[in-house]
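One is the number of the first residue; the rest follow in order along the sequence.
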Amino acid sequence: MELQENPVALGTAAARPRLEVTALSKTYGSGPNAKCVIEDLTFTVTTGEVVCIVGPSGVGKTTLLKCLAGLQPATSGTAAIDGRRIDGPPPEMALVFQDYSRSLMPWLTVRKNVRLPLRHLRLPAQEMNQRIDDALRAVGLDGSDGKYPWQLSGGMQQRVAIARALAYRPEILIMDEPFASVDAQTRFELEDLCLKIRDDFGMTILVVTHDIDEAVYLSDRVVVLGAKPARVLDVIGIDLPAPRDQISTRSLPEFAEQRTTVLSMIRKPA
Ligand SMILES: Nc1ncnc2c1ncn2[C@@H]1O[C@H](COP(=O)(O)OP(=O)(O)OP(=O)(O)O)[C@@H](O)[C@H]1O
């Protein structure tokens with residue numbers, strides 16, 4: 001797959017903040033009905049990093065992701081890519097949502113689903129087909145392109161959703177609880193796919209998850225959010241050896257230590 005060269009793997013670029021969230025706040029409504037959902041969030045995601053955001057349910061993650069995706073303005077503060085303020089959907093960003101059953105079109109084949117976001121790029125047919133083939137191969141679904149989503153397992157459907165994001169060739173991938181609706185074994189496979197995408201393409205990946213173990217397994221750093229309003233409690237560097245492996249990494253004493261650190265941060269009284 002030829003998404004982009006991996007500057008991190010090639011050692012040609014110093015790690016730099018790709019995505020910068022600075023003092024970002026979002027209040028819905030005004031006057032007596034004003035509701036501050038996220039307050040003064042500051043964190044960065046560096047090129048080629050996987051960063052997970054964890055926090056209590058209803059913390060405001062969708063609100064945050066909508067601001068990062070340029071779908072709604074922040075009330076104050078900024079989100080920026082390479083120092084460029086986000087004020088609309090950034091062309092270098094793709095999103096993957098939890099609910100694949102609602103994000104895939106059941107009446108379209110796998111191939112046509114993956115092609116959907118490419119239509120507005122007006123690519124030559126050959127390049128369009130190449131991108132679709134590459135993306136399906138990257139998620140292990142080459143050979144399934146003529147099937148319909150409802151003919152696939154949940155995990156395969158989520159792979160289609162990931163392939164659709166990859167075919168767009170994003171530099172930044174944002175995933176909103178992407179593996180929450182699949183069984184445990186598939187979840188492990190998709191987590192490893194996420195790390196492979198980062199390793200192969202140097203992609204910068206931000207994942208929202210409620211699963212602390214998943215956050216520790218995937219992340220270079222974990223952003224821990226407190227609730228009401230959402231604010232950053234801590235950013236925890238995850239120092240685990242690469243490459244990560246579902247059995248050996250999760251068996252390490254350091255894994256348990258990092259997990260306890262994140263968990264106790266979330267459960268600490270405000
Ligand atoms: N457009 C809106 N107008 C007013 N309030 C909103 C709006 N969107 C979200 N909210 C409120 O903001 C709060 C956080 O919602 P949000 O959907 O961002 O949380 P979440 O972390 O994604 O939730 P969940 O974990 O349940 O998916 C909720 O109380 C919600 O009611």
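To the nearest 0.5 angstrom, Lys112 atom NZ is 15.0 Å from Leu104 atom CG. Atom CZ of Arg169 and atom CG of Leu118 lie 9.0 Å apart (nearest 0.5 Å). Cys67 SG to Asp87 CG: the interatomic distance, rounded to the nearest 0.5 Å, is 12.5 Å. Between the CG atom in Leu218 and the SG atom in Cys52 there is a gap of 4.5 Å [rounded to 0.5 Å]. Atom CG of residue Leu68 and atom CD1 of residue Ile174 lie 5.0 Å apart, to the nearest 0.5 angstrom. Here CD1 of Ile38 is found 10.5 Å from OG1 of Thr62. Values are rounded to the nearest 0.5 Å.
The side-chain heavy atoms of Ile86 and Leu19, taken from C-beta on, include a pair separated by under 4.5 Å. Glu191 is not listed as a side-chain neighbour of Val50, based on a closest heavy-atom distance of 4.5 Å or more. The shortest distance between side-chain heavy atoms of Met93 and Pro170 does not fall below 4.5 Å. Counting only heavy atoms from C-beta outward, the side chains of Leu136 and Val110 approach each other to under 4.5 Å. Side-chain contact between Thr46 and Thr204 is absent, with no heavy-atom pair separated by less than 4.5 Å. Put simply, the side chain of Thr47 does not reach to within 4.5 Å of the side chain of Glu49, judged on heavy atoms. Using a 4.5 Å cut-off on side-chain heavy atoms (C-beta onward), Glu92 and Arg84 make contact. Counting heavy atoms from C-beta outward, Ile172 and Arg18 have side chains that approach closer than 4.5 Å.
In this structure, the side chain of Arg164 engages the main chain of Ser103 through a donor-acceptor pair within 3.5 Å. At distances below 3.5 Å, at least one donor-acceptor pair connects side-chain atoms of Gln157 with backbone N or O atoms of Pro149. Although no hydrogens or angles enter the test, the distance criterion places no donor-acceptor pair under 3.5 Å between the side chain of Arg221 and the main chain of Val51. The backbone N or O of Thr27 sits less than 3.5 Å from a side-chain atom of Thr75, completing a donor-acceptor pair.
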Side-chain atoms of residues 206-213: list all donor-acceptor pairs with protein atoms under 3.5 Å, sequence neighbours left out, distances to 0.1 Å.
from	atom 1	to	atom 2	distance (Å)
Thr209	OG1	Asp211	N	2.9
Thr209	OG1	Glu214	OE2	2.9
His210	ND1	Gly55	O	3.2
His210	NE2	Glu177	OE2	3.2
Asp211	OD1	Asp213	N	3.0
Asp211	OD1	Glu214	N	2.9
Asp213	OD1	Arg259	NE	2.4
Asp213	OD1	Arg259	NH2	3.4
Asp213	OD2	Arg259	NE	3.2

Let me check something: any side-chain donor-acceptor pairs from residues 232-245 under 3.5 Å, sequence neighbours excluded? List them with distances.
from	atom 1	to	atom 2	distance (Å)
Arg244	NH1	Val216	O	3.3
Arg244	NH1	Tyr217	O	2.9
Arg244	NH1	Ser219	O	2.6
Arg244	NH2	Ser219	O	3.1
Asp245	OD2	Ile247	N	3.0
Asp245	OD2	Ser248	N	2.8
Asp245	OD2	Ser248	OG	3.1

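Residues satisfying the side chain to side chain donor-acceptor pair (under 3.5 Å) criterion with Glu127, sequence neighbours excluded, are Arg131. Judged as a salt bridge (charged side-chain N to carboxylate O under 4.0 Å, His left out), and not counting sequence neighbours, the contacts of Arg159 are Glu189. Among residues two or more places apart in sequence or in another chain, the side chain to side chain donor-acceptor pair (under 3.5 Å) test is passed with Thr186 by Asp183. With sequence neighbours excluded, the residues forming a ring-ring contact (aromatic ring centres under 6.0 Å, His included) with Tyr148 are Trp150, listed by chain and number. Residues satisfying the salt bridge (charged side-chain N to carboxylate O under 4.0 Å, His left out) criterion with Lys228, sequence neighbours excluded, are absent altogether. Arg122 is linked by a side chain to side chain donor-acceptor pair (under 3.5 Å) to nothing, counting only residues two or more places apart in sequence or in another chain. Taking Thr109 as the reference, nothing meets the side chain to side chain donor-acceptor pair (under 3.5 Å) condition, with sequence neighbours excluded.
A salt bridge links Arg137 with Asp134; the closest basic N to acidic carboxylate O contact falls under 4.0 Å. With salt bridges taken as basic N to acidic carboxylate O contacts below 4.0 Å, one links Asp176 and Lys61.
The nearest pair of heavy atoms linking Pro17 to Glu20 is CB-CG, 3.8 Å. Nearest heavy-atom pair, Ala230 versus Leu225, reported as atom, atom and distance to 0.1 Å: CB-CD1, 4.5 Å. Minimum heavy-atom separation, Ala23 to Thr42: N-OG1, 2.8 Å. Between Ala135 and Ala163, the shortest heavy-atom contact is CB-O, 3.4 Å. Across every non-hydrogen atom of Pro229 and Cys36, the tightest pair is CB-O, 3.3 Å. Closest of all the heavy-atom pairs between Ala167 and Val114 is CB-CG1, 3.7 Å.
Residue pairs meeting the salt bridge (charged side-chain N to carboxylate O under 4.0 Å, His left out) criterion with at least one partner in residues 26-35, sequence neighbours excluded, do not occur; the list is empty.
A donor-acceptor contact closer than 3.5 angstrom links the side chains of Thr63 and Tyr28.
Alongside Leu71, the hydrophobic cluster contains no other residue (criterion: ILVMFWY side chains under 4.5 Å). Clustering of Ile, Leu, Val, Met, Phe, Trp and Tyr by side-chain heavy atoms under 4.5 Å joins Trp107 with Met105, Leu108, Leu116.
Val139 and Phe188 fall into different hydrophobic clusters, defined by Ile, Leu, Val, Met, Phe, Trp and Tyr side-chain heavy atoms under 4.5 Å apart, directly or through other members.
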TODO: Walk me through it: do Val54 and Val59 pass the test side-chain contact (heavy atoms from CB on, under 4.5 Å)?
DONE: CA-CA 9 Å; Val54 296; Val59 69; over 6 Å; no
TODO: Start with the C-alpha distance between Val96 and Leu173, add both sets of side-chain angles, then the distance that settles side-chain contact (heavy atoms from CB on, under 4.5 Å), and finish with yes or no.
DONE: CA-CA 8 Å; Val96 174; Leu173 186 61; 4.1 Å; yes
Task: Derivation and outcome, salt bridge (Lys or Arg N to Asp or Glu O under 4.0 Å), residues Asp145 and Arg115 - done: CA-CA 11 Å; Asp145 57 345; Arg115 188 164 65 195; over 6 Å; no
Open item on the list: side-chain contact (heavy atoms from CB on, under 4.5 Å) for Leu141 and Val160? Distances and angles first, verdict last.
Closed with: CA-CA 8 Å; Leu141 277 182; Val160 177; 3.4 Å; yes
